[in-house]
Amino acid sequence: MEENNLKTAKTENAGTVFISQEESGINLYPHQITAFDRMTKRIVNSEKYPYKGLLVLPTGGGKTLTAARWIGENILDKGIKVLWIAHRHELLEQAKKTFANTLAFKDVFKNKKELKWRIISGIHDMAVNIKPDDDIIFASKDSLRSERSFNYLKNNFLNGQDEIFLVIDEAHHAPAKTYRKLIERIEENVPKFRMLGLTATPIRTQNNEAGYLAKIFPDDMVYDIDLKSLITLGILAEPKFEEIETGQDFKKDLNEEQIRKINDGFDLESIGFDVAKKIADNNERNNLIVNRYIENKEKYGKTIVFAVNKENVIALNTLFHEKGISSDFVMSDTRDASGIHSISSKENKDKIARFRKGGDLDVLINVNILT
């Protein structure tokens, strides 16, 4: 592997990070330093058990790095095990990479000499392979859902531990029943329980789960800052929006609640499968998107397109190719246009790297990957 300080076990989904005796060179932004101080005061200094709070930073604000560095210094370095839960494979790999590549230095880990990690999901390692000496496990919620899988976690990771620190990435999903059950079971199996949720949008859209987020994280927000503040501070760029009239009216297919959710900035899952399919399959709308890019190619430069769903991605990619534009797509757990093989996590990473490095890709289309 590329990382000089990373030594792996037989599987690439588990390994040991040997802490470098060099400095990490990380300089946190002021808002990250403030978040650090708040977490130390409210989580560590308060000695509150159980603790269940949220760290709220907008996309691009450094949620993963902020939380991971604080956890490295204040939790893992003190010998406390960490379980990091996320609902997407890419999030698990991103978190692991942050610890293994970015943070495995002596200014973060002053006491530990090494860090044993494992990724558990449908495409990574399995719960049966969890070892008692694992320090941090990155796991999808579904990989620990069954009684058998959870028992491996309980017997080989939780057992004998006085304390466990749980992280819920994209914590606005936590009100889902599968998350709630997993959180409850972990808390039941350790004397001291602390949990930190990470999110950019601390809102849950499903009506039947409204109010659950506050119940799951009763200690509220340990720290939050909004997008406008980070733009004002010069940390994030100010987006400039162009609204394009498509001439297509889909409102007739939506009820008032669905329209309100879209206007309030909720994800497009709120509109339902049938309506999403109508939007995705609309040829006039898709052609308008592609032609708009072609007309403004020099102005837009390298462009990321956010699609409605998998069908929309494939339709747009086909149109871009027909127009002679170099494009590709990334998405999770699906099949390509031929319907033959799954798009793997590695393929997604390779395509993103190819786009980022200024290669031959002009357009990268995605569904819920680059958000």
Any side-chain heavy-atom pair of [X] and [Y] under 4.5 Å:
X: Asp107; Y: Glu73; answer: no
X: Leu76; Y: Ile136; answer: yes
X: Lys112; Y: Asp135; answer: yes
X: Val367; Y: Val330; answer: no
X: Leu166; Y: Ile183; answer: yes
X: Leu92; Y: Ser121; answer: yes
X: Phe105; Y: Gln21; answer: no
X: Phe109; Y: Leu115; answer: yes

When rounded to the nearest 0.5 angstrom, what is the spacing between [atom1] in [X] and [atom2] in [Y]?
X: Ile19; Y: Asn111; atom1: CD1; atom2: CG; answer: 11.0 Å
X: Gln161; Y: Ile80; atom1: CD; atom2: CD1; answer: 9.5 Å
X: Lys113; Y: Phe18; atom1: NZ; atom2: CZ; answer: 12.5 Å
X: Leu319; Y: Asn283; atom1: CG; atom2: CG; answer: 7.5 Å
X: Gln94; Y: Thr98; atom1: CD; atom2: OG1; answer: 5.5 Å

How about [atom1] on [X], more than 12 heavy atoms from neighbouring residues, nucleotides or ligands closer than 6.0 Å, or not?
X: Asn27; atom1: CG; answer: no
X: Lys181; atom1: NZ; answer: no
X: Lys41; atom1: NZ; answer: no
X: Arg145; atom1: CZ; answer: no

For [X] and [Y], work out which heavy atoms get closest and say how close.
X: Phe217; Y: Gly53; value: CD2-O, 3.4 Å
X: Asn74; Y: Val44; value: CB-CG2, 4.1 Å
X: Leu233; Y: Ile225; value: CD1-CD1, 4.4 Å
X: Leu213; Y: Ala171; value: CD1-O, 3.3 Å
X: Arg38; Y: Tyr223; value: NH1-CD1, 3.3 Å
X: Ile164; Y: Phe157; value: CD1-CE2, 4.1 Å

Examine distances only and state if a side-chain atom of [X] and a backbone atom of [Y] form a donor-acceptor pair shorter than 3.5 Å.
X: Asn189; Y: Ile186; answer: no
X: Asp220; Y: Leu54; answer: no
X: His172; Y: Thr199; answer: no
X: Asn282; Y: Arg285; answer: yes
X: Lys302; Y: Phe355; answer: yes
X: Asp77; Y: Lys110; answer: yes
X: Arg354; Y: Asp360; answer: no
X: Asn312; Y: Ala307; answer: no
X: Gln32; Y: Tyr29; answer: yes
X: Asp134; Y: Ile130; answer: no

Q | Charged tip of Lys351 within 45° of Phe329 ring normal and under 6.0 Å | A | yes
Q) Do we get Arg118 above Phe138's six-membered ring, with its NZ or CZ under 6.0 Å from the centre and within 45° of the axis? A) no
Give the cluster check for [X] versus [Y]: same hydrophobic cluster or not, with ILVMFWY residues linked at side-chain heavy-atom distances below 4.5 Å.
X: Ile26; Y: Ile75; answer: yes
X: Leu198; Y: Leu91; answer: no
X: Phe306; Y: Leu288; answer: no
X: Leu28; Y: Val108; answer: yes
X: Ile352; Y: Ile304; answer: yes

Q | Pair Lys154-Glu188, salt bridge (Lys or Arg N to Asp or Glu O under 4.0 Å): steps then yes or no | A | CA-CA 10 Å; Lys154 181 176 72 172; Glu188 288 169 357; over 6 Å; no
**Q.** salt bridge (charged side-chain N to carboxylate O under 4.0 Å, His left out) partner of Asp219, the single match among Lys52, Arg42, Lys48
**A.** Lys48
(Q) Walk me through whether Lys106 and Glu22 qualify under salt bridge (Lys or Arg N to Asp or Glu O under 4.0 Å). (A) CA-CA 6 Å; Lys106 68 176 183 180; Glu22 298 179 359; over 6 Å; no
Can you find a side-chain donor-acceptor pair between [X] and [Y] that sits under 3.5 Å?
X: Asp37; Y: Thr34; result: no
X: Ser140; Y: Ser143; result: yes
X: Asn129; Y: Asp125; result: yes
X: His124; Y: Glu12; result: no
X: Tyr300; Y: Glu242; result: yes
X: Thr16; Y: Glu114; result: no
X: Asp362; Y: Ser326; result: no

Q) How far apart are the C-alpha atoms of Ile235 and His31, what are their side-chain angles, what is the distance that settles it, and do they pass the side chain to side chain contact (heavy atoms under 4.5 Å, CB included) test? A) CA-CA 10 Å; Ile235 294 170; His31 75 283; 3.4 Å; yes
Q. Can you check side chain to side chain contact (heavy atoms under 4.5 Å, CB included) on Arg69 and Phe36, steps first, answer last?
A. CA-CA 9 Å; Arg69 172 145 190 178; Phe36 234 72; 3.4 Å; yes
Q. Is Lys81 salt-bridged to Glu163, cutoff N-O under 4.0 Å?
A. no
Q) Taking 4.0 angstrom as the limit, do Arg185 and Glu147 come out as a salt bridge? A) yes
**Q.** Pair Tyr293 and Phe320, ring centroids less than 6.0 Å apart
**A.** yes
Q | Pair Arg88-Asp169, salt bridge (Lys or Arg N to Asp or Glu O under 4.0 Å): steps then yes or no | A | CA-CA 9 Å; Arg88 293 210 323 265; Asp169 203 353; over 6 Å; no
Q: For Val82 and Trp117, run side chain to side chain contact (heavy atoms under 4.5 Å, CB included): C-alpha distance rounded to whole Å, both residues' side-chain angles, the deciding distance at 0.1 Å, then the answer.
A: CA-CA 10 Å; Val82 172; Trp117 60 270; over 6 Å; no
